[in-house]
Amino acid sequence: MTDPNAQSPDPNVPPPPPQQPASAPSGAAPLTPEQDVQWGSFAHLGGVLGILPSLIIWLVFKDRGSFTNTEAKEALNFQITLIFGYLISWILVIVFIGAILVWAVWIVGVVFSIIAFLQAKDGKHYRYPFAIRLIK
């Protein structure tokens with residue numbers, strides 16, 4: 001059955017060109033050197049809030065900047081080390097010393113995250129004095 005309202009194609013008009021499929025993005029653009037240093041330093045500063053900022057920055061920017069990749073991995077490894085410290089501290093709460101250790105682990109985490117941020121924002125690589133390096 002044909003549509004009575006459809007117009008017959010004019011033989012003198014060429015058919016429209018076929019539609020080109022939309023090209024998929026080839027990946028995110030690499031970071032500029034300033035952005036690379038900025039996100040690398042934010043990975044350390046995010047450690048004040050916990051493991052998630054470092055993890056998110058590493059997952060999003062690891063392929064876009066080498067400085068950010070290195071610094072975010074270092075910050076992430078330090079945060080994993082702090083998690084182990086928190087677990088041990090909470091287990092030791094039974095004998096009261098754990099309550100002091102929980103605060104000590106938190107203070108160490110904040111202090112070293114700020115020190116690392118200050119070094120990284122100047123474009124210098126920072127290596128925490130103690131960290132279990134699980135992510136290579």
_Smallest separation among heavy atoms of Tyr128 and Ala116, with atom names_ = OH-CB, 3.4 Å
*Search all heavy atoms of Gly46 against all heavy atoms of Pro53 and return the closest pair with its distance.*
O-CG, 3.4 Å
Quick one: pull up [atom1] in [X] and [atom2] in [Y] and give me the separation to the nearest 0.5 Å.
{"X": "Leu92", "Y": "Ile100", "atom1": "CG", "atom2": "CD1", "result": "11.0 Å"}
{"X": "Glu71", "Y": "Phe42", "atom1": "CD", "atom2": "CZ", "result": "14.0 Å"}
{"X": "Asp63", "Y": "Thr68", "atom1": "CG", "atom2": "OG1", "result": "11.5 Å"}
{"X": "His125", "Y": "Gln119", "atom1": "NE2", "atom2": "CD", "result": "11.5 Å"}
{"X": "His44", "Y": "Leu76", "atom1": "NE2", "atom2": "CG", "result": "11.0 Å"}
{"X": "Gln38", "Y": "Leu31", "atom1": "CD", "atom2": "CG", "result": "9.0 Å"}

_Among Leu134, Val108, Ile132, the one residue meeting side chain to side chain contact (heavy atoms under 4.5 Å, CB included) with Thr81_ = Ile132
[X]-[Y] co-clustered via ILVMFWY side chain contacts under 4.5 Å:
{"X": "Trp103", "Y": "Val110", "value": "yes"}
{"X": "Trp106", "Y": "Phe130", "value": "yes"}
{"X": "Val105", "Y": "Leu49", "value": "no"}
{"X": "Leu101", "Y": "Ile88", "value": "yes"}
{"X": "Ile91", "Y": "Phe84", "value": "no"}

*So, Ser54 side chain and Ala72 main chain: donor-acceptor pair closer than 3.5 Å or not?*
no
*For Trp58, which residues count as a side chain to side chain donor-acceptor pair (under 3.5 Å) partner, sequence neighbours excluded?*
Asn69
*When the aromatic ring centroids of Phe112 and Tyr126 are compared, is their separation below 6.0 Å?*
no
*asked:* Checking one residue: Val37. Which other hydrophobic residues are in its cluster under the side-chain 4.5 Å linking rule?
replied: Phe67
*Side-chain contact test, heavy atoms from C-beta onward, threshold under 4.5 Å: evaluate it for Gln79 versus Ser113 and give yes or no.*
yes
*Step by step, work out the side chain to side chain contact (heavy atoms under 4.5 Å, CB included) result for Arg133 and Glu74.*
CA-CA 8 Å; Arg133 289 176 175 82; Glu74 185 68 20; 2.7 Å; yes
